[in-house]
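Index from 1, following the sequence. No hydrogens, no waters, no symmetry mates; every other heavy atom, side chains included, goes into these values.
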Amino acid sequence: MSRPARSRLAAGALAAVAAVALAGCASATPAASGGSAAPDDHAHESDTRIAVTYDGGVTVLDGKTLDTVDSAELDGFLRVNGAGDHDGHVFVTAADGFHVLDTGLASGSVGFTGEVFEATAAGHATPHGGRTALFDDGTGEVRIFDTDAIGTGTLPEFDTVTSEQAHHGVAIELTDGTVLSTIGTPESRSGVRHLTADGTELARDEECPSVHGEGALKGEVVVFGCENGALVFDDGAFTKIAAPDAFGRSGNAYVTDTSAIAAMDYKTDPDQEGYLLSKLALIDTDAKTMSIVDLPEGVEYTWRGVGRSAHDDIVVLSADGTLNVLDESGEVVDSWDVIEPWESPVEWQDAHPGLRVVGDVAYVTEPASDRILAVDLHTGEITADVTLDVTPNEFVVVGAAGH
């Protein structure tokens with residue numbers, strides 16, 4: 001078995017094979033459209049910014065008013081993840097890798113910084129504890145760096161973790177410097193490895209078929225989804241939690257760092273058509289148990305439709321147009337009509353309603369009407385509602401969480 005390698009590289013030392021594979025892709029340093037103004041006294045009027053992808057770029061909105069601040073152009077299907085830094089940067093995933101976008105939260109200027117972590121197939125971006133891990137599904141390589149080191153225009157120094165084989169994976173560096181990284185091949189995935197800072201394997205668990213996603217909870221316990229339950233890493237050891245169904249797939253974790261309960265999407269039919277789900281899995285990482293919540297009649301969601309509030313409640317955006325708040329036992333405590341009913345996307349990339357929860361505010365997109373709205377989770381009141389000039393697809397909110 002090959003030993004995973006981990007080494008510090010200079011900022012520009014990216015693999016030559018990636019450069020060859022990416023020839024002819026979108027420009028690495030697209031200019032922001034609209035000519036963002038220089039920083040001024042109004043640069044910090046909002047403590048949040050929203051980055052919304054559309055066909056042709058990313059629009060940045062003020063997190064309070066939902067007014068458009070500016071846009072930055074980039075071709076191709078785009079995904080977006082918060083960078084986790086203090087200045088409100090965002091990773092925009094494109095065909096050639098991870099682009100760093102400045103939302104102007106601190107600088108007052110919106111635009112791509114010119115930093116592109118090249119990748120043959122850019123996958124998960126996972127900030128945690130002041131460090132960020134970027135996973136290249138095309139090579140299995142993970143680059144890990146100081147989260148606040150981005151935004152300078154020059155790639156930061158980074159460590160590299162090499163997977164045994166390329167696969168659609170995820171990695172996270174823990175605060176003790178060790179790394180959890182998934183195991184897989186281009187055809188299948190099986191589990192997670194625990195590695196020291198120099199790449200030495202401390203432990204592995206391969207009882208997690210189709211491992212996908214991760215979430216770090218209270219006490220830095222980490223949970224991963226499996227097609228037959230969940231895998232929990234706690235205090236240096238893995239614990240497999242079996243699903244109550246023969247096929248019980250959990251693929252995404254919705255967590256907070258103040259709760260030991262992870263909410264996960266849950267699917268029981270491997271041949272199901274469409275992407276709407278009607279059950280949630282609740283993982284108690286203290287008791288190492290899983291319970292399944294059957295949502296009320298008509299409440300169905302996709303992976304874009306679940307979040308966690310400042311009070312650790314679980315928030316679900318349903319295809320019937322309702323926004324539902326559940327406590328950690330799975331009981332629905334509030335439900336409000338917020339958008340029109342909608343149907344499952346045909347392909348996962350298709351624009352469809354999405355949810356992001358920051359503090360006690362739920363942000364909801366409605367691509368059918370090019371809307372985005374903000375909902376107060378205390379009252380259900382829509383506090384802002386804007387029609388965009390573009391059709392929103394994925395989005396992320398960055399900045400300080402309001403309570």
I'd like to know if the side chain of T68 pairs up with that of T59 as donor and acceptor (distance under 3.5 Å, no hydrogens or angles considered).
no
Checking T185 side chain against E187 main chain: does a donor-acceptor pair fall under 3.5 Å?
yes
Taking atom types as modelled and ignoring hydrogens, do the side chains of D136 and T120 form a donor-acceptor contact shorter than 3.5 angstrom?
yes
For the pair R143 and D159, find out whether any cationic side-chain nitrogen is under 4.0 Å from an anionic carboxylate oxygen.
no
Does the S318 side chain pair with the main chain of G298, one donor and one acceptor, at a distance under 3.5 Å?
yes
Distance-only polar pair, side chains of N252 and R304, donor-acceptor under 3.5 Å:
no
Under 3.5 Å, is there a donor-acceptor pair between the H89 and T103 side chains?
no
I'd like to know if E227 and R249 make a salt bridge, using a cut-off of under 4.0 Å between side-chain N and carboxylate O.
no
In plain terms, say whether K288 and D234 are close enough for a salt bridge, that is, a side-chain N and a carboxylate O under 4.0 Å apart.
yes
Salt-bridge present (E206, K240; N to O < 4.0 Å)
no
NZ/NE/NH1/NH2 to OD/OE distance under 4.0 Å, E328 and R308:
yes
Using 30° and 60° as the class boundaries, would you call the ring planes of H168 and H212 parallel, tilted or perpendicular?
tilted
Strictly distance-based, threshold 3.5 Å: is any side-chain N or O of D327 a donor or acceptor partner for the main-chain N or O of V332?
no
Could you tell me whether E340 atom CD has more than 12 heavy atoms of other residues or ligands within 6.0 Å of it?
no
Under a 3.5 Å cutoff, is there a donor and acceptor pairing between the side chains of T113 and D102?
no
Donor-acceptor pair, W348 side chain versus W303 backbone, under 3.5 Å?
no
Check the side chains of S107 and S109 for a donor-acceptor pair under 3.5 angstrom, ignoring hydrogens and angles.
no
So, are E394 and R79 salt-bridged, with charged N and O less than 4.0 Å apart?
yes
When you measure from the side chain of T182 to the backbone N and O of V170, does any donor-acceptor pair fall under 3.5 Å?
yes
Any donor-acceptor N or O pair under 3.5 Å, side chains T175, E220
yes
If we ignore angles and hydrogens, is there a donor and acceptor under 3.5 Å between the side chains of N324 and S335?
yes
Would you say D360 and H311 are linked by a side-chain donor-acceptor pair, where the criterion is simply a distance under 3.5 Å?
yes
Is D257 salt-bridged to K218, cutoff N-O under 4.0 Å?
no
Ionic contact status for R131 with D146, cut-off 4.0 Å
yes
Side chains of D370 and T387: do they bring a donor and an acceptor to under 3.5 Å?
no
Main-chain N/O of D376 paired to T383 side chain as donor or acceptor, under 3.5 Å
no
